[in-house]
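Structure, as structure tokens:
All ligand and atom numbering here is 1-based and tracks the order in the structure. Every value quoted in this text rests on a predicted model; they were computed, and no experiment measured them.
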Amino acid sequence: MHQDLEKVLITKEEIEAKVKEIAAELDRDYAGKQPLMLCILKGSVLFFSDIIRAMQIPLEIDFMAISSYGAGTTSGEVKLVKDLDRSIENKHVVIVEDIVDTGHTLFYLKRMLNQRHPASIKVCALLDKFERREADVVADYKAFDIANEFVVGYGLDYAQKYRNLPEIGVLKREIYEK
Ligand code: 5GP
């Protein structure tokens with residue numbers, strides 16, 4: 001375990017097993033549809049690359065980067081930092097997100113993408129903090145439910161660090177109270 005972690009919540013092995021399960025579900029559900037797998041940068045980058053690698057059906061990928069307007073915002077407004085390269089019209093889009101917390105980010109994102117007339121939009125989330133949900137959104141595919149704790153690792157950061165940890169864990173208090 002990394003020295004800055006207080007505990008590991010989800011191990012590398014648990015993540016690997018779950019990724020395989022979800023990839024198999026996606027393979028089944030999207031057979032013959034060539035889904036557009038959409039990576040929401042940066043947090044979902046590891047989950048995304050593992051999921052698409054475990055999928056066997058033909059698929060496309062694209063990337064989008066968004067950021068919230070200031071910490072703790074509840075307006076739901078998020079800023080588009082990098083847009084998709086190509087049109088999603090008539091495509092079956094699967095948004096791959098790191099974590100659904102209040103749900104505002106995803107709500108905004110789905111609304112924006114829906115205006116571009118995709119054939120369908122579904123959400124595949126690594127983590128779901130359902131206790132914190134404020135917006136009316138659900139993860140159609142989800143790897144793990146977690147309690148209301150701030151987590152890092154496997155793509156998730158604290159001040160841009162810890163994204164490369166292979167597991168998901170909770171930081172020691174002294175790290176963010178420094
Ligand atoms: P929401 O709009 O659902 O409240 O926020 C979603 C975003 O907040 C996530 O995509 C993620 O970037 C960030 N976030 C929420 N909870 C956590 C957490 O426990 N750890 C980290 N590193 N980021 C989080």
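Linking Ile, Leu, Val, Met, Phe, Trp and Tyr residues whenever their side-chain heavy atoms come within less than 4.5 Å places Ile15 and Val96 in a single cluster. Linking ILVMFWY residues whenever their side-chain heavy atoms come closer than 4.5 Å, directly or via other members, leaves Ile10 and Tyr158 in distinct clusters. Residues Phe150 and Tyr176 fall within the same hydrophobic cluster, defined by Ile, Leu, Val, Met, Phe, Trp and Tyr side chains chained together at heavy-atom separations under 4.5 Å. Using a 4.5 Å cut-off between side-chain heavy atoms of Ile, Leu, Val, Met, Phe, Trp and Tyr, with links allowed through other members, Leu171 and Val151 fall into different hydrophobic clusters.
For ligand 1, the polar-atom distance check finds no N/O of Phe150 at less than 3.5 Å from any of the ligand's N/O atoms. Distances between N or O atoms of Val151 and those of ligand 1 include at least one value under 3.5 Å. Where the criterion is an N or O separation shorter than 3.5 Å, residue side chain and backbone included, Asp101 meets it with respect to ligand 1.
Residue Gly103 places a heavy atom less than 4.0 Å from ligand 1. For Asp157, the heavy-atom gap to ligand 1 drops under 4.0 angstrom. Not a single heavy atom of Leu106 lies less than 4.0 angstrom from ligand 1. A heavy-atom separation below 4.0 Å is not found between Arg132 and ligand 1.
Close approach of ligand 1 to Glu149 (heavy-atom distance below 4.0 Å) involves ligand atoms 19 (O). Atoms of ligand 1 lying under 4.0 Å from at least one heavy atom of Glu97, given by number and element, are 10 (O). Those atoms of ligand 1 with a heavy atom of Leu156 less than 4.0 angstrom away are 21 (C), 22 (N), 23 (N). Taking every heavy atom of Thr105 and a limit of under 4.0 angstrom, the matching atoms of ligand 1 come to 1 (P), 2 (O), 5 (O), 6 (C).
In this structure, atom 4 (O) of ligand 1 is in close contact with the protein, since a protein heavy atom lies within 4.0 Å of it.
Protein heavy atom in closest approach to atom 12 (O) of ligand 1: Asp98 OD2, 3.5 Å. Of the protein's non-hydrogen atoms, Thr102 OG1, 3.3 Å is the one closest to atom 1 (P) of ligand 1. Scanning the protein for heavy atoms near atom 14 (N) of ligand 1, the closest one is Ile99 CG2, 3.7 Å.
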Fill in: Stepwise ring-ring contact (aromatic ring centres under 6.0 Å, His included) test for Phe48 and Phe63
CA-CA 10 Å; Phe48 180 82; Phe63 300 85; 5.7 Å; yes

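A salt bridge links Arg133 to Asp128: one of the charged nitrogens lies within less than 4.0 Å of a carboxylate oxygen.
Here CG of Leu46 is found 9.0 Å from SG of Cys39. Values are rounded to the nearest 0.5 Å. A distance of 7.5 Å separates CD in Gln34 from CG in Leu59, rounded to the nearest 0.5 Å.
Taking each heavy atom of Val100 and Ala125 in turn, the nearest pair found is CG2-CB, 3.7 Å.
Selection from Lys129, Glu134, His104 by nearest heavy atom to atom 17 (C) of ligand 1 gives Lys129.
Taking the six-membered ring where the residue is Trp, Tyr141 and Tyr30 present tilted rings, their angle falling between 30° and 60°.
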